Amino acid sequence: MLGAVGPPSIWQWIADHGSRILSLTAEHVELAVMAVAVGLVIAVPLSVLAYRHTRFHPPVTWLAGVLYTIPSIALFVVLIPLTGLTDLTVEIGLVSYTLLILIRNTVAGLRGVSEHLKEAATGMGYTRRQLLWRVELPVAVPAIVAGVRVATVSTIGLVAVGFIVGKGGLGELIIDGLDRFYTPEVVVGGVLSIALALVADAALLMAGRAVTPWARPRRRRARRAVGVAA
């Protein structure tokens with residue numbers, strides 16, 4: 001289906017369109033980072049609410065699940081009359097798709113905090129607010145970071161659908177290349193999207209390890225235990 005264009009043509013096309021590629025890559029990164037950041041700001045308070053008050057857990061996860069299942073095209077059709085062909089339209093859609101992942105991981109992380117640890121903190125005089133900020137949320141960070149990694153990788157893939165409203169980052173190259181049966185645009189857009197996802201995942205993995213130094217000895221002990229058992 002695609003035109004047969006060899007590597008030299010691709011490199012020449014990249015050289016001729018470097019500024020456009022950089023601009024679309026920057027737009028792709030900006031849309032993805034903003035969506036995950038806003039999603040995290042919304043998801044953490046909702047997760048704490050669902051964790052602390054269990055009656056709110058079903059409606060919170062149900063709403064996030066409904067938003068997650070709405071097809072992007074249908075969501076854009078609803079949003080465009082309200083927000084127009086703007087970044088806001090794309091961001092609302094992308095943020096909606098991050099919430100379920102982030103809420104589930106954050107609640108799971110909070111629920112995974114040891115009861116003994118919470119009892120010890122309470123025995124030391126911690127209030128519920130201090131317990132949340134100084135014990136529960138820090139201990140839940142690895143689970144939260146895991147959710148952010150999944151949300152980031154999926155969001156980088158979803159940014160391309162923003163091309164429907166003219167804000168799709170590298171998706172513009174992929175869709176434009178498919179429309180014109182022009183291989184270099186499709187290859188560059190696809191490869192850069194995959195590369196962004198891999199780089200973002202690796203960066204978040206390292207950042208997660210950097211902010212949770214207490215988790216590393218546990219992981220090493222687990223690996224040694226597995227080695228001894230083997």
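Model, not experiment: these values are computed from the prediction.
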Inset, instruction - Answer yes or no: is there a side-chain heavy-atom contact under 4.5 Å between L170 and L196? - result: yes

Inset, instruction - Taking the side chain as every heavy atom from C-beta outward, state whether V38 and E91 have any atom pair closer than 4.5 Å. - result: no

Inset, instruction - Kindly indicate whether the side chain of L100, heavy atoms from C-beta on, has any atom under 4.5 Å from the side chain of L67. - result: no

Legend entry - Nearest-0.5 Å distance, CG of residue L24 to CG of residue D176: 9.5 Å

Inset, instruction - Evaluate the side-chain proximity of R52 to L132: yes if any heavy-atom separation is below 4.5 Å, no if none is. - result: yes

Inset, instruction - Report the distance from atom CE of M34 to atom OG1 of T155, rounding to the nearest 0.5 Å. - result: 13.0 Å

Inset, instruction - Check S47 against L110 and note the closest heavy-atom contact, atom names and distance. - result: O-CD1, 4.2 Å

Legend entry - Contact check, side chains of T106 and Y51, non-hydrogen atoms, under 4.5 Å: no

Inset, instruction - Give the cluster check for V113 versus I144: same hydrophobic cluster or not, with ILVMFWY residues linked at side-chain heavy-atom distances below 4.5 Å. - result: no

Inset, instruction - For side-chain contact (heavy atoms from CB on, under 4.5 Å), just list the numbers for E185 and R20, CA-CA rounded to whole Å, side-chain angles, deciding distance to a tenth of an Å, and then say yes or no. - result: CA-CA 11 Å; E185 282 189 282; R20 183 188 176 206; 3.0 Å; yes

Legend entry - Stepwise side-chain contact (heavy atoms from CB on, under 4.5 Å) check, E27 with L31: CA-CA 6 Å; E27 180 183 81; L31 289 170; 3.9 Å; yes

Inset, instruction - State plainly whether one hydrophobic cluster holds both L131 and V139, where clusters connect Ile, Leu, Val, Met, Phe, Trp and Tyr through side-chain heavy atoms under 4.5 angstrom apart. - result: yes

Inset, instruction - Please report the shortest heavy-atom distance between I156 and S193, naming the atom on each side. - result: CG2-O, 3.7 Å

Legend entry - ILVMFWY cluster, V148 and V33 together (side-chain gap under 4.5 Å): no

Legend entry - Cluster overlap W133 with V44, hydrophobic side-chain contacts below 4.5 Å: yes

Inset, instruction - Decide yes or no for F76 and T89: does some side-chain heavy atom of the first lie under 4.5 Å from some side-chain heavy atom of the second? - result: yes

Legend entry - A160 versus G171, closest heavy-atom pair with distance: CB-CA, 3.6 Å

Legend entry - Heavy-atom check, side chain of I21 versus side chain of W13, under 4.5 Å: yes

Legend entry - Interatomic distance, R134 atom CZ to M124 atom CE [nearest 0.5 angstrom]: 8.0 Å

Inset, instruction - Measure across Y97 and L75 and return the closest heavy-atom pair with its distance rounded to 0.1 Å. - result: OH-CD2, 4.1 Å

Legend entry - Within-4.5 Å side-chain heavy-atom neighbours: V150 and N105: no

Legend entry - Heavy-atom pair with the smallest gap, counting every atom of P58 and T61: O-OG1, 3.1 Å

Inset, instruction - Output the distance between atom CD (E136) and atom CZ (R129), rounded to the nearest 0.5 Å. - result: 13.5 Å

Legend entry - Backbone N/O of S19 and side chain of S23: donor-acceptor pair under 3.5 Å: no

Legend entry - Where L102 and A151 come nearest, the two heavy atoms and their spacing: CD2-CB, 4.0 Å

Legend entry - Nearest-0.5 Å distance that lies between atom CD1 in I92 and atom CG in L82: 8.0 Å

Inset, instruction - Establish whether I80 and I70 are linked, either directly or via other cluster members, by ILVMFWY side-chain heavy-atom contacts under 4.5 Å. - result: yes

Inset, instruction - Working to the nearest 0.5 Å, report the span between CG of L94 and CG of L158. - result: 6.5 Å

